[in-house]
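Notes to accompany the following structure.
Remember, predicted model here, so these are calculated numbers, not experimental data. Hydrogens, waters and symmetry mates play no part in the numbers below; they use all other heavy atoms, side chains included.
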Amino acid sequence: MCKNYNVIESEGMATIKAWTKGVPFEEQAQQQLRNIAGMPLIHSHIAVMPDVHMGKGATIGSVIPSIDAVIPAAVGVDIGCGMVATKTTLTASQLPDNLLGIRNAFEAAVPHGRTSGRRGRKGSSRDRGAWHNIPDVVAGEWKKLEARFEKICQKHPAIRKSNHVNHLGTMGTGNHFLELCLDENDAVWIMLHSGSRGVGNRIGTYFIELAKKEMERHQINLPDMDLSYLSEGSDYFDDYVEAVEWAQDFAKKNREIMMFNAIAALRKALPVEFSTAELAVNCHHNYISREKHFGKNCFVTRKGAVRAEKGEMGIIPGSMGARSFIVRGLGNPESFNSCSHGAGRVMSRTKAKKVFSVKDQIEATQGVECRKDESVIDEIPHAYKDIEKVMDAQKDLVEVVYTLKQVVCVKG
């Protein structure tokens with residue numbers, strides 16, 4: 001049987017299996033993967049997704065199985081970042097010709113953009129990214145998360161100094177988004193992308209630094225200090241896993257609240273009644289999971305990758321102006337039952353802003369009701385890999401169930 005992945009082997013390191021046929025795979029990312037593959041904690045091999053690109057320490061678009069240890073920087077600081085999508089009973093013909101009203105309704109319902117100040121400067125007119133007054137739905141869901149958060153903060157008080165409840169139900173910046181999409185049958189979908197926001201960032205940053213101190217204390221030399229790890233049984237291992245699992249729950253709840261508010265906003269913006277949840281998918285793509293692969297229990301870190309066990313539903317978004325996909329996992333054991341989390345960048349944000357203009361952005365997002373100004377040029381589709389080629393490279397990992405094209409896109 002023909003393998004759909006390329007194999008990168010080197011003496012003294014774990015094998016790297018890369019689903020990168022037909023897509024760019026920069027040398028810097030390959031070197032990062034070699035660095036990880038040379039670590040003794042790796043179990044079996046590393047799986048590389050077609051959206052792979054260089055990250056901080058660990059490569060985005062990689063699946064890293066480890067025994068008795070985890071690498072906090074491989075999980076990253078956007079812990080639990082992921083996607084949620086729901087199909088509605090609406091069809092394209094029921095949408096107005098001008099979609100600006102829907103975009104305005106989404107923007108009013110879901111806080112987005114950058115939060116100014118450490119705690120969001122509640123009340124600041126510049127603070128678009130956090131709640132000024134906590135809505136009842138947010139307060140109610142926070143109560144379900146608060147006791148565990150307090151337990152974590154009692155052991156690590158620095159984590160409390162973060163945006164937490166005021167970021168629950170908010171989107172953030174960068175590649176996070178809220179979209180209205182049409183599938184191939186003209187059914188209307190709502191889809192959004194976000195994670196654990198300020199509190200997840202605080203947890204990630206805090207434990208990455210603790211892991212570095214652990215390496216220094218034990219005089220463990222690494223090819224990159226951002227690959228510092230916490231070993232099972234060490235001072236901070238259990239606390240880190242507890243905090244990450246909490247942040248993943250926060251992230252999932254964050255997406256659920258935003259979806260609830262987006263659906264309510266769409267109902268107000270349209271004169272027709274509709275229902276939802278004919279199909280709803282909510283999946284992480286920056287997280288750790290306890291799983292069993294190749295005969296051993298291990299921690300699987302998916303950094304920019306989605307779990308795709310046989311029959312499991314997932315979401316693989318394209319970039320602004322490109323198609324997105326609702327997929328069903330094929331349960332490929334060689335990929336640790338995983339698939340890509342998107343298209344993957346081929347160009348840094350800084351370079352994209354230098355290379356492309358607002359005119360390019362307008363042309364690339366033709367037919368999409370979205371911001372088309374200088375501040376979102378870094379999200380131009382040209383800065384990402386071709387999503388069609390990415391999907392072709394992982395045809396043995398997932399099957400496409402629905403193909404979506406956005407008609408409204410809200411960016412932070």
Going by the side chain to side chain donor-acceptor pair (under 3.5 Å) test, which pairs reach into residues 36-46, not counting sequence neighbours? none
Taking salt bridge (charged side-chain N to carboxylate O under 4.0 Å, His left out) as the definition, give me every residue that meets it alongside Asp224, ordered by chain and number, with sequence neighbours left out. none
Those residues at least two apart in sequence (or on a different chain) that pass salt bridge (charged side-chain N to carboxylate O under 4.0 Å, His left out) with Lys296 are none
Does anything in residues 172-196 form a salt bridge (Lys or Arg N to Asp or Glu O under 4.0 Å)? List the pairs, not counting sequence neighbours. none
Ser228: what forms a side chain to side chain donor-acceptor pair (under 3.5 Å) with it, not counting sequence neighbours? none
Is there a side-chain contact between Leu95 and Leu180 in this structure, where contact means two heavy atoms from C-beta onward sitting under 4.5 Å apart? yes
With side chain to side chain donor-acceptor pair (under 3.5 Å) as the rule and sequence neighbours excluded, what pairs involving residues 341-350 come up? Asp51-His341, Arg345-Glu379, Arg345-Tyr384, Arg349-Asp378, Arg349-Glu379
Tell me, please, which residues at least two apart from Lys351 pass side chain to side chain donor-acceptor pair (under 3.5 Å). none
All salt bridge (charged side-chain N to carboxylate O under 4.0 Å, His left out) counterparts of Asp249, not counting sequence neighbours: Arg148
Counterpart residues, side chain to side chain donor-acceptor pair (under 3.5 Å), relative to Glu141 (two or more places apart): Lys144, Lys253
Check: Ala69 main-chain N/O paired with Ser66 side-chain donor or acceptor under 3.5 Å: yes
Mind checking what makes salt bridge (charged side-chain N to carboxylate O under 4.0 Å, His left out) contact with Glu273, not counting sequence neighbours? none
Sequence neighbours excluded, the answer for side chain to side chain donor-acceptor pair (under 3.5 Å) partners of Lys252 is none
Return each pair, listed once, that meets salt bridge (Lys or Arg N to Asp or Glu O under 4.0 Å) where at least one residue sits in residues 207-216; pairs must be two or more places apart or across chains. Glu209-Lys212, Lys212-Asp226, Glu214-Arg217
Check whether more than 12 heavy atoms from other residues, nucleotides or ligands sit under 6.0 Å from atom CD of Glu146, and answer yes or no. yes
